[in-house]
Structures are given as C-alpha cells and as structure tokens.
Amino acid sequence: MRSSRDKLLHIFKSLLESYGEQGWWPVDWRYHQEQGTDPREEIVIGAVLTQNTSWKNVERALENLKVARCLSFEAVLGLEEEELQKLIKPSGYYRQKAKRLKEVAKHLNPVEKVRTIEREELLRIKGIGRETADAILLYAGDRAFFVIDAYTKRIVERVFGFSGDYESLRRWFEENLPRDLWVYKEFHALLDEHAKRFCRKRPLCEGCPINQVCTQPLR
DNA sequence: CCCCAGGCCGCGC
DNA sequence: GCGCGGCATGGG
C-alpha cells in the first residue's frame, strides 16, 4: 500500500467484494416504461427527497407520487403545492421539499439539461446544495462528479485519518480514482452501505472488511 | 424518553 | 468564511 491512491482503490475493491454491486441509483424502470416518463426525473426527485432523510421514508413518498402518477417534472410542476406536500409528507421537511422539487423541476426541464447544465448553475437553485447537485450530475447526468456525504466524510476520517471540507474531499476522490462513471457511482453507494453496516457512528470494527487498513484502533 | 437518517438555508459573528 | 438552529417524518 504505497500511496493513498493504492489504498483507495484497495478499499473500493474490498467493499465491492464484500457487498457486491449496488446498482445505484435505485429507480423503478417498469413504472417509467409504462408511463412513458424519464427515469432520470425520478433520480432528481429522489435526490431532493433524501436530504437528511432515511431512504425508507423517501420510498414512501416516491410510492405516493407513483400512485398519483406524479413521478415526473411535468406532473410536479402541474400540482398545487399543497397537493405535492401531501404526497411527499413521509419524507419529512415536506414544505421545504415541495418548493425545492418545483424549483429543480422548473430549472432542469426538459431533463436532458442534466447533460449540459453547469454545476454552478445547479448550485444556484434554492435547495440544491453540493451533495444534491453532484448526485444529480453523476446519477442522472452521467457526469464525473464524486458525491460526498456525511458517511463518506466519516469513513475517510477513520480509515485515512484526515478530514476536509466538501470540495477538497471531492477533489481528493476525483484525483485519486480512475475517471470512470461506474466506479464513481458504485464507490459512493458502497461507502453508504459500509457506513450502515459497520462504520456507524459507533463503529462495529469486528468483522469490518477493511479494518486491516484503517487508522482507527479496533472497537 | 432519546437519537438518527444518503442536507440545506438563513442568520449572526 | 464558519457555526448554529430550524425544518419533519418514521424507526430503533
């Protein structure tokens, strides 16, 4: 393990080996095929709904939107804000998120814009911060931005022993990984999975697939 | 009862 | 620029 680059790639391989391919972003392809809607719009909507919220609660909100045939930008834009609030209620912060969904749907409509929109422009949309922007760009736009979240920060702090702000961490991943969309998508998903299984706030180091390369003492 | 979950904004400093 | 409170539901 000569360099942090080697170590990073080693961790990616270990997590992939342990947990398997994650296939992120999770999307209901059948729904969109039947409705003739674009699955990328579900990714954008999900990215907003999952802000500081468990995915289980987001799934409930997405299900409500599906039943109402409202899992698309056009439908979101056509709904009364109060109606939208009702549908997404289980995901929490539903008043804020209803506004954010309308904002992002307006700015990214048609959804093909995720292929070309500047990151800076995305960040100017109310309710879209760095993580949400990068998740949208990577998973909906197939663009090489590495997504940093609270889990990623925690794992880097423990395994590598350093911390940094969002942008420096993002650059660090992007500089030390092959510029490959599949790697970016899978790695972020695997880090999430790893944080849930072992690298919790109170870590479970016994049985952790990467405890041999971690700077933390075993707990 | 507590804490947490795939953040972000607006404010005061 | 940084730290903090508010936003809200559902689960452990």
Side-chain angles (χ1 to χ4, degrees), chain A residues 12 15 19 21-28 39-65 67 81-108 114 119-141 143 145-159 163-171 173 181 183-204:
Chain A
F12 174 63
L15 296 181
Y19 304 142
E21 191 172 337
Q22 302 294 300
W24 269 27
W25 189 281
V27 151
D28 186 344
R40 293 176 295 180
E41 298 183 3
E42 176 174 351
I43 296 175
V44 174
I45 291 167
V48 170
L49 293 181
T50 196
Q51 290 171 352
N52 201 35
T53 301
S54 67
W55 186 250
K56 267 277 164 279
N57 284 0
V58 175
E59 282 179 326
R60 293 191 171 92
L62 290 174
E63 182 59 29
N64 288 347
L65 290 169
V67 169
E81 196 157 317
E82 278 194 15
E83 265 321 295
L84 183 54
Q85 288 179 7
K86 248 191 252 175
L87 293 170
I88 65 171
K89 199 159 199 164
S91 72
Y93 307 115
Y94 56 91
R95 293 185 192 87
Q96 287 188 352
K97 285 177 179 173
K99 286 191 196 309
R100 292 176 184 184
L101 286 180
K102 280 183 171 289
E103 276 299 300
V104 77
K106 184 179 68 174
H107 283 90
L108 282 179
V114 292
R119 184 171 186 265
E120 297 311 313
E121 188 181 345
L122 208 40
L123 287 173
R124 267 180 247 125
I125 302 173
K126 277 262 167 287
I128 305 301
R130 294 176 176 87
E131 182 188 337
T132 309
D134 291 336
I136 289 171
L137 291 168
L138 177 62
Y139 291 104
R143 295 165 64 188
F145 294 91
F146 198 86
V147 181
I148 306 295
D149 61 7
Y151 292 153
T152 309
K153 288 178 189 165
R154 184 163 75 213
I155 293 171
V156 169
E157 274 172 33
R158 287 182 181 156
V159 178
S163 55
D165 62 21
Y166 187 97
E167 296 299 342
S168 47
L169 274 179
R170 177 172 70 80
R171 281 197 306 273
F173 273 93
L181 290 173
V183 171
Y184 281 26
K185 290 179 183 180
E186 278 301 310
F187 203 179
H188 174 71
L190 287 165
L191 288 170
D192 259 44
E193 186 62 21
H194 181 59
K196 286 172 184 163
R197 292 209 207 183
F198 291 99
C199 213
R200 307 180 180 173
K201 207 148 203 176
R202 193 188 134 78
L204 306 172

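Chain letters run A, B, ... following the sequence lines, proteins first and then strands; every chain starts at 1. Any value given below was found using the heavy atoms of this structure, including those in side chains, with hydrogens, waters and symmetry copies removed.
- Contact annotation: the side chain of A:Arg40 never approaches that of A:Leu108 to less than 4.5 Å [non-hydrogen atoms, C-beta and beyond].
- In this structure, A:Glu167 places its CD atom 11 Å from P of B:dC8, rounding to the nearest Å.
- In this structure, A:Tyr94 reaches the sugar-phosphate backbone alone: every heavy-atom distance under 4.0 Å involves primed, P, OP1 or OP2 atoms, never a base.
- Shown here are the side-chain contact (heavy atoms from CB on, under 4.5 Å) partners of A:Arg100, two or more places apart in sequence or in another chain: A:Val48, A:Gln51, A:Gln96.
- Following rounding to the nearest Å, A:Leu101 (CG) and B:dC8 (P) show an atom-to-atom distance of 14 Å.
- Contacts between residues 126-140 of chain A and DNA chain C, counted as heavy-atom distances below 4.0 Å, involve no residue at all.
- A nucleotide of DNA chain C counts as in contact with chain A when one of its atoms lies under 4.0 Å from a heavy atom; the first and last such, 5' to 3', are C:dC7 to C:dG11.
- The side-chain contact (heavy atoms from CB on, under 4.5 Å) test applied to A:Arg200 returns A:Leu204, not counting sequence neighbours.
- Among the heavy atoms of the strands, none lies under 4.0 Å from A:Leu123.
- Residues passing the side chain to side chain donor-acceptor pair (under 3.5 Å) test with A:Thr152 are A:Asp149, sequence neighbours excluded.
- Spacing between atom OH of A:Tyr93 and atom C1' of B:dA5 amounts to 8 Å, rounded to whole angstrom units.
- Taking A:Glu186 as the reference, A:Phe12, A:Leu16, A:Glu21, A:Gln22, A:Trp182, A:Leu190 meet the side-chain contact (heavy atoms from CB on, under 4.5 Å) condition, with sequence neighbours excluded.
- Shown here is A:Lys86, whose NZ atom has no more than 12 heavy atoms of other residues, nucleotides or ligands within 6.0 Å.
- Partners of A:Glu81 by side chain to side chain donor-acceptor pair (under 3.5 Å), not counting sequence neighbours, listed by chain and number: A:Lys99.
- Rounded to whole Å, atom C1' of B:dC9 lies 14 Å from atom NZ of A:Lys97.
- Under the rule for a ring-ring contact (aromatic ring centres under 6.0 Å, His included), the partners of A:Trp55 that lie at least two apart in sequence or sit in another chain are A:Trp25.
- Residue pairs meeting the salt bridge (charged side-chain N to carboxylate O under 4.0 Å, His left out) criterion with at least one member in residues 123-138 of chain A, sequence neighbours excluded, are A:Arg119-A:Asp134, A:Arg130-A:Glu167, A:Asp134-A:Arg170.
- Looking at residues two or more places apart in sequence or on another chain, you find a side-chain contact (heavy atoms from CB on, under 4.5 Å) between A:Arg154 and A:Tyr151, A:Arg158, A:Ala195, A:Lys201.
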Between the protein and nucleotides 2-4 of chain B, list the N/O to N/O atom pairs that are separated by less than 3.5 angstrom.
residue : atom : partner  : partner atom : Å
B:dC4   : OP1  : A:Lys201 : NZ           : 3.4

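- Applying the side chain to side chain donor-acceptor pair (under 3.5 Å) test to A:Lys153 and every residue at least two apart in sequence or in another chain returns nothing.
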